[in-house]
Colleague: 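Handing you a structure now.
Here the structure is a predicted model, which is why all the values come from computation and not from measurement.
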Amino acid sequence: MLKAIAGAGVLALGIGLAGCAGDRTGASSGDSQEAGGTIGVAMPTQQSERWIADGNNVKSQLEELGYQVDLQYANDDIPTQVSQIENMITTGAKALIVASIDGTTLTDVLQQAKDANIPVIAYDRLINGTENVDYYTTFDNYKVGVQQATSLLTGLGVLDASGKETGAAGPFNVELFAGSPDDNNATFFWNGAMDTLKPYMDKGVLVVPSGQTEFGQAAILRWLPETAQKRMENILTVIGGTKLNGVLSPYDGLSIGIISALTSGGYSASDLPVITGQDAEAGSIKSIIAGEQYSTIFKDTRELAKQAVTMVDDIRKGETPETNDTETYDNGVKVVPSYLLQSTIVTKDNYKELLVDSGYYTEDDLK
């Protein structure tokens with residue numbers, strides 16, 4: 001199934017979902033065609049600049065449409081996020097936008113939301129194990145993994161800039177990192193990357209010196225940079241003097257930790273392996289400009305926020321939100337109707353065009 005997603009890019013449009021939200025408009029029968037009210041926005045952490053940007057974008061766009069916003073960050077503490085959502089329900093939120101810390105831990109609190117007739121939008125991370133999530137908006141996460149692996153292969157010289165094989169036989173020594181096992185997206189990133197890399201591993205073009213090629217071995221709980229740094233340090237000990245040519249990293253924060261371990265382990269800035277990333281965080285863009293990190297994946301959070309806000313506004317107006325994927329995101333109880341956005345590979349060659357010229361960053365942000 002996942003390979004089909006990669007081949008299709010975005011699945012066929014599936015917008016005939018008039019029954020998906022049921023009567024959960026977050027409004028009484030007297031005002032179901034009107035926007036307004038307070039929207040609860042639950043974000044996982046302020047330890048990542050990416051999530052700060054998401055929260056700010058969602059809040060500002062909702063306010064532009066006349067909503068009040070209760071924006072809360074849980075600092076990656078699950079009980080805190082549950083309590084925050086409970087409070088949003090108690091104080092009368094008309095809808096919830098939730099980027100979960102652990103998508104399996106919200107079943108009870110989202111039952112409370114259903115009982116209060118409050119619709120729920122899962123934001124970027126799928127909420128699992130409950131029927132009480134109405135819509136999901138995210139990026140094409142399998143494709144993100146494909147892009148990460150493709151950029152690794154390009155950086156190694158296995159593929160050229162157009163994506164064609166160069167004939168480079170290697171062997172290239174690479175190590176693999178995965179995201180947090182409690183984040184549904186992490187497996188999509190991993191599957192997209194591994195489906196892309198495995199043929200080269202099978203042919204011996206890529207070699208993993210540590211032998212750690214399973215998701216459970218590569219996963220970094222809570223996406224913590226310090227955990228990635230420690231794992232990279234351990235790998236360097238295991239592989240001894242073997243020179244690494246590349247590291248698959250699924251997130252910029254992990255990339256920073258990986259680079260720290262490598263430089264402490266004897267690598268200089270000029271001979272670091274090809275290192276990937278995700279989220280186009282300012283610190284990693286600076287690292288890319290400096291020639292340390294090779295690439296990242298840009299997911300324009302302004303557009304993700306816009307889609308979530310549009311979904312909420314449509315529901316509040318009694319309309320059915322647009323979706324473009326009704327097959328992929330099965331949360332164990334239901335297939336959640338979703339809207340997938342597209343992402344872009346960023347390198348030193350195109351960061352200015354993609355990030356500065358688009359207004360995502362200023363030149364000063366990246367100095």
Colleague: Could you please spell out the steps behind the salt bridge (charged side-chain N to carboxylate O under 4.0 Å, His left out) verdict for E63 and K59?
Modeller: CA-CA 6 Å; E63 289 174 341; K59 184 175 186 292; 2.6 Å; yes
Colleague: Taking the six-membered ring for Trp, are Y251 and F189 ring centroids under 6.0 Å apart?
Modeller: no
Colleague: Are any non-hydrogen side-chain atoms of V247 and V174 less than 4.5 angstrom apart?
Modeller: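 No - every pair of side-chain heavy atoms lies 4.5 Å or more apart.
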Colleague: Can you find a heavy atom in the side chain of I89 that is under 4.5 Å from one in the side chain of V109?
Modeller: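 Yes; the side chains approach each other to less than 4.5 Å.
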Colleague: Please determine whether side chain to side chain donor-acceptor pair (under 3.5 Å) holds for the pair E175 and S210, giving the CA-CA distance in whole Å, both sets of side-chain angles, and the decisive distance to 0.1 Å.
Modeller: CA-CA 7 Å; E175 290 294 339; S210 70; 2.6 Å; yes
Colleague: With salt bridge (charged side-chain N to carboxylate O under 4.0 Å, His left out) as the test, would you mind laying out the steps for R50 and D124 before giving the verdict?
Modeller: CA-CA 12 Å; R50 177 265 159 98; D124 200 46; 3.0 Å; yes
Colleague: Using a strict 4.0 Å threshold on nitrogen-to-oxygen distance, state whether D313 and R316 make a salt bridge.
Modeller: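 Here D313 does not pair with R316 in a salt bridge, since their nearest N and O are not under 4.0 Å apart.
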Colleague: For the OG atom of S151 and the CD1 atom of I297, what is their distance to the nearest 0.5 Å?
Modeller: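 Atom-to-atom, S151:OG and I297:CD1 are 5.0 Å apart.
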Colleague: Is D108 atom CG crowded by more than 12 heavy atoms from other residues, nucleotides or ligands, each under 6.0 Å away?
Modeller: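 Result for CG/D108: open.
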Colleague: Same cluster or not: I97 versus L341, using hydrophobic residues (I, L, V, M, F, W, Y) connected whenever any side-chain heavy atoms lie under 4.5 Å apart?
Modeller: yes
Colleague: Assess whether side chain to side chain donor-acceptor pair (under 3.5 Å) is satisfied between D77 and T80, documenting all intermediate values.
Modeller: CA-CA 5 Å; D77 183 72; T80 296; 2.6 Å; yes
Colleague: Please determine whether ring-ring contact (aromatic ring centres under 6.0 Å, His included) holds for the pair F188 and Y142, giving the CA-CA distance in whole Å, both sets of side-chain angles, and the decisive distance to 0.1 Å.
Modeller: CA-CA 5 Å; F188 280 88; Y142 180 90; 7.6 Å; no
Colleague: Does Q278 form a side chain to side chain donor-acceptor pair (under 3.5 Å) with T296? I'd like the steps, not just the answer.
Modeller: CA-CA 5 Å; Q278 180 180 186; T296 187; over 6 Å; no
Colleague: Going by heavy atoms in the side chains, are L366 and Y351 under 4.5 Å from each other?
Modeller: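 Yes, at least one pair of side-chain atoms sits under 4.5 Å.
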Colleague: Which pair of heavy atoms, one from W190 and one from A178, lies closest together, and at what distance?
Modeller: CE3-CB, 3.5 Å
Colleague: Working to the nearest 0.5 angstrom, can you tell me the gap between M88 CE and T38 OG1?
Modeller: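 Answer for the CE-OG1 pair, M88 versus T38, is 10.5 Å.
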Colleague: Could you state the interatomic distance from CG (L71) to CG (N56), rounded to the nearest 0.5 Å?
Modeller: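 It is 7.0 Å, given to the nearest 0.5 Å.
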Colleague: Answer yes or no: is there a donor N or O on one side and an acceptor on the other, between the side chain of Q307 and the main chain of T137, under 3.5 Å?
Modeller: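 Answer holds: no.
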Colleague: What's the shortest heavy-atom distance between Y135 and P321, and which atoms?
Modeller: OH-CD, 3.3 Å
Colleague: Is there a side-chain contact between Y267 and L244, using heavy atoms and a 4.5 Å cut-off?
Modeller: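 Yes; the side chains approach each other to less than 4.5 Å.
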Colleague: Spell out, as yes or no, whether a donor-acceptor pair under 3.5 Å connects the side chain of S249 to the backbone of G277.
Modeller: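 The answer is no, because no donor-acceptor pair under 3.5 Å joins these two groups.
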Colleague: Give, for atom CD of Q147 and atom OG of S295, the distance between the pair rounded to the nearest 0.5 Å.
Modeller: 10.0 Å
Colleague: Could you grab the distance from atom CG of L96 to atom CD1 of I85, nearest 0.5 Å is fine?
Modeller: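 The CD1 atom of I85 is 6.5 Å from CG of L96, to the nearest 0.5 Å.
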Colleague: Quick one: CG on D102 to CG on N184, what's the gap to the nearest 0.5 Å?
Modeller: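 Here the rounded value is 10.5 Å.
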Colleague: Under 4.5 Å between any side-chain heavy atoms of D54 and M43, yes or no?
Modeller: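 The answer is yes, as the side chains (C-beta and beyond) meet within the 4.5 Å cut-off.
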Colleague: Tell me whether E292 is salt-bridged to K286, with the criterion being a basic N under 4.0 Å from an acidic carboxylate O.
Modeller: no
Colleague: Checking side-chain contact (heavy atoms from CB on, under 4.5 Å) against L110, which of I118, N132, V82 comes through?
Modeller: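 Testing each of I118, N132, V82 against L110, the sole residue satisfying side-chain contact (heavy atoms from CB on, under 4.5 Å) is N132.
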Colleague: Using the rule given for side chain to side chain donor-acceptor pair (under 3.5 Å), can you reason through Y360 versus D300, listing the C-alpha separation, both sets of side-chain angles and the distance that settles it, and then say yes or no?
Modeller: CA-CA 8 Å; Y360 195 80; D300 194 336; 5.5 Å; no
Colleague: Quick one: list whatever passes salt bridge (charged side-chain N to carboxylate O under 4.0 Å, His left out) with E226, sequence neighbours left out.
Modeller: none
Colleague: What do you reckon, is NZ of K230 surrounded by more than 12 foreign heavy atoms closer than 6.0 Å?
Modeller: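 Counting other residues, nucleotides and ligands, NZ of K230 stays at 12 neighbours or fewer.
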Colleague: Report yes if some heavy atom in the side chain of L248 is under 4.5 Å from a heavy atom in the side chain of L197; otherwise report no.
Modeller: yes
Colleague: Using modelled atom types and a 3.5 Å cut-off, is there a donor and acceptor pairing between side-chain atoms of S100 and backbone atoms of I127?
Modeller: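 Judged by distance alone, no pair lies under 3.5 Å.
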Colleague: Would you indicate whether K198, at its atom NZ, is surrounded by more than 12 heavy atoms from other residues, nucleotides or ligands within a distance under 6.0 Å?
Modeller: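 Count not over threshold, so no.
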Colleague: Answer whether the closest heavy-atom distance between the side chains of Y294 and L272 falls below 4.5 Å.
Modeller: no
Colleague: Please check: side-chain N/O of Y361 versus main-chain N/O of A282, any donor-acceptor pairing under 3.5 Å?
Modeller: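 Confirmed, Y361 side chain pairs with A282 backbone.
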Colleague: Could you work out, with salt bridge (charged side-chain N to carboxylate O under 4.0 Å, His left out) as the rule, every residue matching D76, not counting sequence neighbours?
Modeller: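 Listed in chain order: nothing, the list is empty.
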Colleague: For the backbone of D252 and the side chain of D279, can you confirm whether one donor and one acceptor N or O come within less than 3.5 Å of each other?
Modeller: no
Colleague: Would you kindly check if the NZ (Lys) or CZ (Arg) of R231 is within the cone defined by 45 degrees around the ring axis of F177 and under 6.0 Å from the six-membered ring centre?
Modeller: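 Yes; both conditions hold, so R231 lies above the ring face of F177.
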Colleague: Is any side-chain heavy atom of T138 less than 4.5 Å from a side-chain heavy atom of R125?
Modeller: no
